Amino acid sequence: MARGDGFLNHDLLPNEKGPQDECGVFGVWAPGEEVAKLTYYGLYALQHRGQESAGIATSDGARINVYKDMGLVSQVFDENTLNSMTGHLAVGHCRYSTTGASHWANAQPTLGPTQTGTVALAHNGNLTNSAQLAEMVEAKQVSEGGKLRGEIAQGNTTDTALVTALLAGKEGQSLEETALELLPKIEGAFCFVFMDENTMYAARDPHGVRPLVLGRLNRGWVVASEQPALATVGASFIREIEPGELIAIDETGIRSTRFAEATPKGCVFEYVYLARPDATIAGRSVYEARVEMGRQLARENSADADIVIPVPESGTPAAIGYAEESGIPFTHGFVKNAYVGRTFIQPSQTLRQLGIKLKLNALETVLRGKRVVVVDDSIVRGNTQRAVVRMLREAGAAEVHVKISSPPVKWPCFYGIDFATRAELIANGAAVDEIGKSIGADSLAYISEDGMIGATAQPREKLCTACFTGDYPIPLPGDERHGKNLLEQANQSGCEPGPDAELEATL
């Protein structure tokens, strides 16, 4: 998954796989509204969270209709398709794969039978007890005479498909009763938005690793991964869905049930990179947090330079903060092509060797002869920054000082971000000055962990910082239960790309 809507800064390298964002989920219950189109625009606002596939499920009270395919939201849906998807409620999903292969069978929402009808499920995050859930599905299959139903029977390999199969429930159970029985048994990071023919549900894991918000329409309700998606469809923000909470919305109104005690561990990387800058998480503006990270970075790591520039787009707020605090003028050193989203046409080896730049070009008239501070949000493998530094030098920069608004990324994420394996992370085992030499910079500096956390305005104990510290707040299963070395490889399961994802498609 990579970002194609202006919020991605790492858009340069064809083979630079970095942390991929999680998926985006959206749901709407609104009789009398065009729910498919509302969901389309909601997913469009969440496109930065998943650019691999997109899907929408709608219900008219009698039947659930699903349409999904590979590609961006705008590539998957057209006017005719959306007009055919009628009903009063819908759930939608845009996906980057972290569990399961990248193909159509694993696109979401997933479908499965229940005791009273059908369930359509969209999931953001990554589950850590998939092996246990698979055993539960197998036991259920045996108890029901060996029949596999739903998308597992069609080759869907994701942890989301396992949950969908288990939501089938027991005889006599409603979907809501089944969910309340199942949710406490699910471990890891999850935001679920799901529905049957008449009711929309949303659930967030007890740690609240990924954001999930509730909004109000004139004639209904909306649930979304991020607050900006609410604004896009004209919904007012009501509140965040609480960690460990299940909400249900139908013709009787909205009801809330707590299925687990809340122990908040929100992902700090949402503030650093993943969320849109106009999002608000736990009461803190993401944009303001990023600007403050830049200010703190300047306090901790001054530079003797002529200009401060960002790596667009997610480096921009931190670069503004750095310039404000340091007094060094802020300017733009790169021109970004706004019309290049994710491309499925890879450049030839010849074009790679020529350094084809589909997304960024350096502004020579701004850079020539200047001592430049370039601000970026993170370094994963280092290929991205290597390319940026090279472009700046080719444009005539006299000096290049790289400043990073997060600490060194040393550990993979198992909660929904598809970081590189630990062995591939450049900060694993390398000193800061060694990394700086590797990327070709005159100097390199990172913000401190305390500085980053302080900028979020959140208590340290309520944040997950595992990718920086290796302190995983949700227990991980043993290697024999997971099928791969958890300390070396990110789980290929739930949904997300990160900073270096789309830089792969352009150099």
Side-chain angles (χ1 to χ4, degrees), residues 1-3 10 13 15-23 49-50 52 95-102 123-131 157-159 187-190 205 207 209-210 265-275 376-385 404 406-430 435 438 446 449 452-453 463-504:
M1 168 187 83
R3 304 189 180 193
H10 299 279
L13 303 175
N15 296 306
E16 172 67 352
K17 184 177 181 185
Q20 312 296 306
D21 305 326
E22 66 263 44
C23 307
R49 298 187 79 90
E52 184 172 273
R95 180 177 192 259
Y96 171 83
S97 62
T98 60
T99 297
S102 173
H123 171 208
N124 170 28
N126 192 44
L127 306 184
T128 58
N129 69 330
S130 294
T157 61
T158 64
D159 49 7
E187 299 172 7
F190 60 84
D205 71 80
H207 304 281
V209 177
R210 301 288 157 215
K265 288 290 182 181
C267 173
V268 73
F269 213 72
E270 294 279 355
Y271 295 95
V272 172
Y273 169 79
L274 292 179
D376 208 350
D377 61 86
S378 60
I379 299 180
V380 182
R381 291 181 177 179
N383 293 341
T384 295
Q385 288 71 28
I404 305 299
S406 65
V409 176
K410 296 183 177 181
W411 299 86
C413 174
F414 299 97
Y415 308 136
I417 309 174
D418 187 15
F419 278 106
T421 66
R422 192 177 183 212
E424 295 172 307
L425 297 172
I426 194 172
N428 177 33
I435 300 171
S438 174
Y446 294 87
E449 184 184 337
M452 174 190 65
I453 291 174
L463 291 172
C464 174
T465 60
C467 56
F468 304 115
T469 65
D471 181 14
Y472 293 96
I474 305 172
L476 302 175
D479 295 347
E480 72 284 355
R481 299 281 292 173
H482 195 273
K484 61 173 69 176
N485 188 331
L486 287 173
L487 295 181
E488 295 297 330
Q489 300 189 48
N491 181 13
Q492 296 300 307
S493 173
C495 294
E496 320 183 44
D500 294 350
E502 278 260 319
L503 283 170
E504 302 175 2

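Just so you know, these numbers come straight off a predicted model, no measurement behind them.
Ring geometry, Phe468 versus Phe269: the interplanar angle falls from 30° to 60°, so the pair is classed tilted.
Listed by chain and residue number, Lys410, Ala427, Tyr446 satisfy the side-chain contact (heavy atoms from CB on, under 4.5 Å) test with Pro408 (two or more places apart in sequence, or in another chain). When the ring-ring contact (aromatic ring centres under 6.0 Å, His included) test is applied to Phe190, the partners found at least two apart in sequence or on another chain are Phe192.
Panel note: side chain Asp159, backbone Leu127; a donor-acceptor pair is recorded below 3.5 Å. Between the Arg210 side chain and the Tyr415 main chain, a donor and an acceptor come within less than 3.5 Å of each other. A donor-acceptor distance shorter than 3.5 angstrom exists from the side chain of Asn428 to the backbone of Arg422, with no hydrogens or angles considered. The main-chain N or O of Ser378 is found under 3.5 Å from a side-chain atom of Gln385 such that the two form a donor-acceptor pair.
Here Met452 contributes atom CE and Thr465 contributes atom OG1; the two are 6.5 Å apart, rounded to the nearest 0.5 Å. Here the CD atom belonging to Glu424 is positioned 4.0 Å from the CZ atom belonging to Arg381, to the nearest 0.5 angstrom. Here the CG atom belonging to Leu463 is positioned 10.0 Å from the CD atom belonging to Glu449, to the nearest 0.5 angstrom. Separation of atoms SG (Cys467) and CD1 (Ile417) is listed at 6.0 Å; rounding is to 0.5 Å.
What you find for Ile404 and Asp377 is that their closest heavy atoms are CG2-O, 3.6 Å. When every heavy atom of Ala189 is checked against every heavy atom of Asp205, the shortest pair comes out as CA-OD2, 3.5 Å. Between Asn126 and Gly416 the shortest heavy-atom distance is CB-N, 3.3 Å. Of all non-hydrogen atoms in Pro475 and Thr128, the two that sit nearest each other are O-OG1, 3.8 Å. Nearest heavy-atom pair, Ala466 versus Tyr472, reported as atom, atom and distance to 0.1 Å: CB-CD2, 3.5 Å.
For the pair Tyr271/Ser406, no side-chain contact is recorded, criterion being any heavy-atom separation below 4.5 Å from C-beta on.
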Carefully, step by step, assess Leu425 and Val380 under the rule side chain to side chain contact (heavy atoms under 4.5 Å, CB included). CA-CA 5 Å; Leu425 297 172; Val380 182; 3.6 Å; yes
